[in-house]
Amino acid sequence: MSNPENTFTATVLGLPRIGPNRELKKAIEAYWAGRSDAAALHEVARNLRTTALTAARDAGLDSVPVGTFSYYDQVLDTAVLLGALPERVSGIADELDRYFAAARGNAEVAPLEMTKWFDTNYHYLVPELSAATQFSLHPDKPLAELKEALALGVPARPVVVGPITFLKLAKSVDGSDLLDLLPSLLPLYERLLTQLAEAGATWVQIDEPSLVTDLSAAELAAVRDTYQQLSQASSRPSILVATYFGRVGEALPALAETGIEGIALDLVAGGDADVAAAQSITNKLIVAGVVDGHNIWRVDPDHALPRLTGLREAGVSVAVSSSCSLLHVPYSLAPETDLDDRLRSWLAFGEEKIAEIRVLATALTDGETAVAEALAVARTAVADRKADPRLRVESVRERLAGLDADAISRTPADERRTVQQERLNLPLLPTTTIGSYPQTSRIRIARAELRKGEIDAAEYDARMRAEIAEVIALQEEIGLDVLVHGEPERNDMVQYFAEQLDGFAATINGWVQSYGTRCVRPPIVYGDVVRPEVMTVQWITYAQSLTSKPVKGMLTGPVTILAWSFIRDDQPLADTARQIALAIRDETVDLESAGIGIIQVDEPALRELLPLRKADQAAYLEWAVDAFRLSTAGVADTTQIHTHLCYSEFGEVIGAIAGLDADVTSIEAARSHMEVLDDLNAAGFDLGVGPGVYDIHSPRVPGTEEIEKSLALALKAVPAERLWVNPDCGLKTRRTDEVTASLRNLVAAAKALR
């Protein structure tokens, strides 16, 4: 290693930024609403950074990541850093408003596309690049945050998204190979390294999660050449290339051949193969990600310590780390007083993971006796979890074992289409929405009062029924063809179901960022899943009683519930998915028995769980499709099954979307201008499809003419008898006035084209 004295022993690859009580979310939304100014927003951000950085320092991390803070997204931040925002936002004079316009659009400007960050539920903004893109360096943010951290006495390690990952995640708007832009991009990274070194950085972390995906020979050569060039930059900090979310594999020797000083490996997802490969890299610091940054289970020291000691005994310089950024886990277990003590003892959120890292680092350097008490507590918790009887419910396992192929099969789609149309009598280009309607202040107040015991369940139910009645009346007045009940009773499309299923636990304050100011509280799947009673029937049947038009039953699919929860790691994902699917299947049957003719089972996370390596993808897609079909194949042909997918790169799962065999699939398409429809056609998709005709993640109200143009594009790819008209996604996060105006235009556009 070029600077053997310049090492560290304990770190994480990134810190959460939204605030332990979502302070940043609230401050940003206040700024958007005009209730506060930029100075107030920056002050909240500065306080959050100060608290997070000093807490990490005081917890014993001797290298702390800085620059992982963001007002919206780290990839968007990188586009700003490199002068690569789209031209359409350049006319916005204010820097902060220009940034937010790229993220979420405004009345005049469409936002960047948004999609999932590898196999997580975090979303990033997709840069738009071409062969003509001219980069320019704008390092104010990383330099300011480094200065801020050093002034606090924090051993700061600036973090930036690496050039390979930035280009591979970007969208080529002209079809060019974006890696051809590396020669113009790398000089900016070299200048940034020099400026960070001059500002006091001794290490810099360059995030390259794309290196855990399948790479061509040309891409591997680009990795090698890129980091050899950057390592030869003069007056630079030591370089740590951080990989995470999977096995590095063939990219590891490519990195090892370069002059960089450190490599971070995700040894939770990467496993024994990367451990073995790293044992030969004795001239660099290996930052060993043995504490899971993507899930919430306490680390098993008898699994982690042998990996660490094995590396050290092979002559490798080792630092202990989280496997990825702690962006993906809640801040702390401290508020979770409602969790039972036994379950709570099995868990580690962000604060607890930092403590685990410090314990493991101490055990590695000073011996286990130095932290004997902490290790004993961990071992007791790990053993207790394995012994808990809630982990196995034999009745569920026996029922699943007894299912045959008929349990995931329905009659041919053409036959179903005929009898469904006879029952539903829908017009050409039927209009609908995806499910949720705006969560009004009345809903939030009622939920808070119920939680505090200020109202009882009967009063809460009455208020939710009033909300449903209002939403049904609004849809009737607008003229939609297929209605929804608006989901006022649901706090979240996954948590709502998790709170009613055995084998799940919900948190009080376990917030994580999904995108921008959108935060979720993923439930915890800790045991076998059982549905004790109906979950949605009473709400849907009430809504249906208010109208003669069909009202969709709204359910969340098994893969999405799995993906948007913290999942048990003691059995295969497929087994847990089948258990959840069985619970959803029972709910679909009960909805049908109650007279509901359309049931939507959403699977927006189908692409999200797709393994990053192609060799692993077929097996995943097989069990994921089977789980969905298990959840939906229990109903009669006359019951129409819908599903919904959004904000993913769908190309790799197009065949699986067809395999779901849903009668109607609504899908995000507005930001990508209907491109997904050609992919569906190429895969032989011949079922109903509702490509989103406007983007609900932007405050823009699309005009009727704009929606007509989107539908005209869609009709070039999909015959009218199979085309549905709907927004991109649920409307929960939008204001009622925006929703009403947009839906009026949507209905008008559909009528015009009929």
### Task
Start with the C-alpha gap between Gln195 and Arg236, add the side-chain angles, then the distance that decides, and say whether side-chain hydrogen bond (donor to acceptor under 3.5 Å, both in side chains) holds.
CA-CA 8 Å; Gln195 292 181 37; Arg236 64 169 178 83; over 6 Å; no

### Message
Evaluate Tyr189 against Thr194 for side-chain hydrogen bond (donor to acceptor under 3.5 Å, both in side chains), listing each step before the verdict.
### Response
CA-CA 9 Å; Tyr189 276 85; Thr194 298; over 6 Å; no

### Message
Apply side-chain contact (heavy atoms from CB on, under 4.5 Å) to residues Val212 and Asp266 and explain how you reach the verdict.
### Response
CA-CA 9 Å; Val212 306; Asp266 182 342; over 6 Å; no

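Remark: of the listed residues Thr507, Leu343, Leu347, Thr507 is the sole one forming a side chain to side chain contact (heavy atoms under 4.5 Å, CB included) with Glu336. If you run side chain to side chain contact (heavy atoms under 4.5 Å, CB included) between Trp564 and each of Pro522, Pro604, Ser514, only Pro604 comes through.
Relative orientation of the Phe100 and Tyr31 rings is tilted, given thresholds of 30° and 60° on the angle between their planes. Ring geometry for Tyr122 versus His328: interplanar angle over 60°, hence perpendicular rather than tilted (30 to 60°). Between Tyr72 and Tyr515, the ring planes are tilted. Angles from 30° to 60° get that label.
In this structure, Phe566 has its ring center no closer than 6.0 Å to that of Trp297. Aromatic rings from His42 and Tyr71 are positioned such that their centres are separated by under 6.0 Å.
One N or O on the side chain of Asn295 and one on the backbone of Ile567 form a donor-acceptor pair closer than 3.5 Å. For the pair Thr243 (side chain) and Ala264 (backbone), a donor-acceptor distance under 3.5 Å is present. Glu145 contributes no side-chain N or O that, together with a main-chain N or O of Pro142, makes up a donor-acceptor pair within less than 3.5 Å. A donor-acceptor pair under 3.5 Å is absent between the side-chain atoms of Thr133 and the main chain of Leu129, judged by distance alone. The main-chain N or O of Ala605 is never found under 3.5 Å from a side-chain atom of Lys116 such that the two would form a donor-acceptor pair. With hydrogens and angles disregarded, a donor-acceptor distance shorter than 3.5 Å links the side chain of Asp94 to the backbone of Leu96. In terms of modelled atom types and a separation under 3.5 Å, the side chain of Lys452 and the main chain of Arg447 share no donor-acceptor contact. Looking at Ser90, its side chain does come within 3.5 Å of a backbone N or O of Glu87 through a donor-acceptor pair. In this structure, Asp73 contributes its side chain and Leu125 its backbone to a donor-acceptor pair below 3.5 Å. At distances below 3.5 Å, not a single donor-acceptor pair connects side-chain atoms of Thr560 with backbone N or O atoms of Thr556.
Between Glu467 and Arg442 there is a salt bridge, since a side-chain N of the basic residue sits under 4.0 Å from a carboxylate O of the acidic one. Using a cut-off of 4.0 Å between Lys/Arg side-chain N and Asp/Glu carboxylate O, Arg463 and Glu449 are scored as salt-bridged. Using a 4.0 Å cut-off between a side-chain N of Lys or Arg and a carboxylate O of Asp or Glu, Arg88 and Glu128 qualify as a salt bridge. A salt bridge links Glu43 with Arg46: the distance from a Lys NZ or Arg NE/NH1/NH2 to an Asp or Glu carboxylate oxygen falls below 4.0 Å.
Residues Thr517 and Trp32 are in side-chain contact: their nearest non-hydrogen atoms beyond the backbone lie under 4.5 Å apart. Side-chain contact between Thr226 and Leu230: present, with at least one pair of heavy atoms (C-beta onward) separated by less than 4.5 Å. Annotation: side chain of Asn121 is in contact with side chain of Glu608 (closest heavy-atom distance under 4.5 Å).
For Asp341, the CG atom sits in a loose shell: 12 or fewer heavy atoms of surrounding residues, nucleotides or ligands are nearer than 6.0 Å.
For Arg298 and Trp346, the positive end is not near the middle of the six-membered ring at less than 6.0 Å and at most 45° from its axis. For the pair Arg49 and Phe69, the cation sits on the ring face: its NZ or CZ lies under 6.0 Å from the ring centre, inside 45° of the axis.
For Lys732 against Ser436, the heavy-atom pair with the smallest separation is N-OG, 3.1 Å. Considering all non-hydrogen atoms of both residues, Gly153 and Arg57 come closest at O-CD, 3.4 Å. Residues Ile260 and Val241 approach most closely at CD1-CG2, 3.6 Å, considering heavy atoms. Here the closest heavy-atom approach between residue Leu143 and residue Ala199 is recorded as CD2-CB, 4.1 Å. Shortest non-hydrogen contact noted between Ser565 and Val494 is OG-CG1, 3.7 Å.
For the residue pair Tyr244/Ser321, the side-chain donor-acceptor check at 3.5 Å is not satisfied. In this model, no donor atom of one side chain and acceptor atom of the other lie less than 3.5 Å apart for Arg518 and Gln513.
Residue pairs meeting the side chain to side chain donor-acceptor pair (under 3.5 Å) criterion with at least one member in residues 154-170, sequence neighbours excluded: Thr11-Arg157, Ser63-Arg157, Arg157-Gln205, Thr165-Glu208, Thr165-Ser210, Lys168-Glu219.
For the atom pair CD1 of Ile445 and CG of Leu450, the computed distance is 13.5 Å after rounding to the nearest 0.5 Å.
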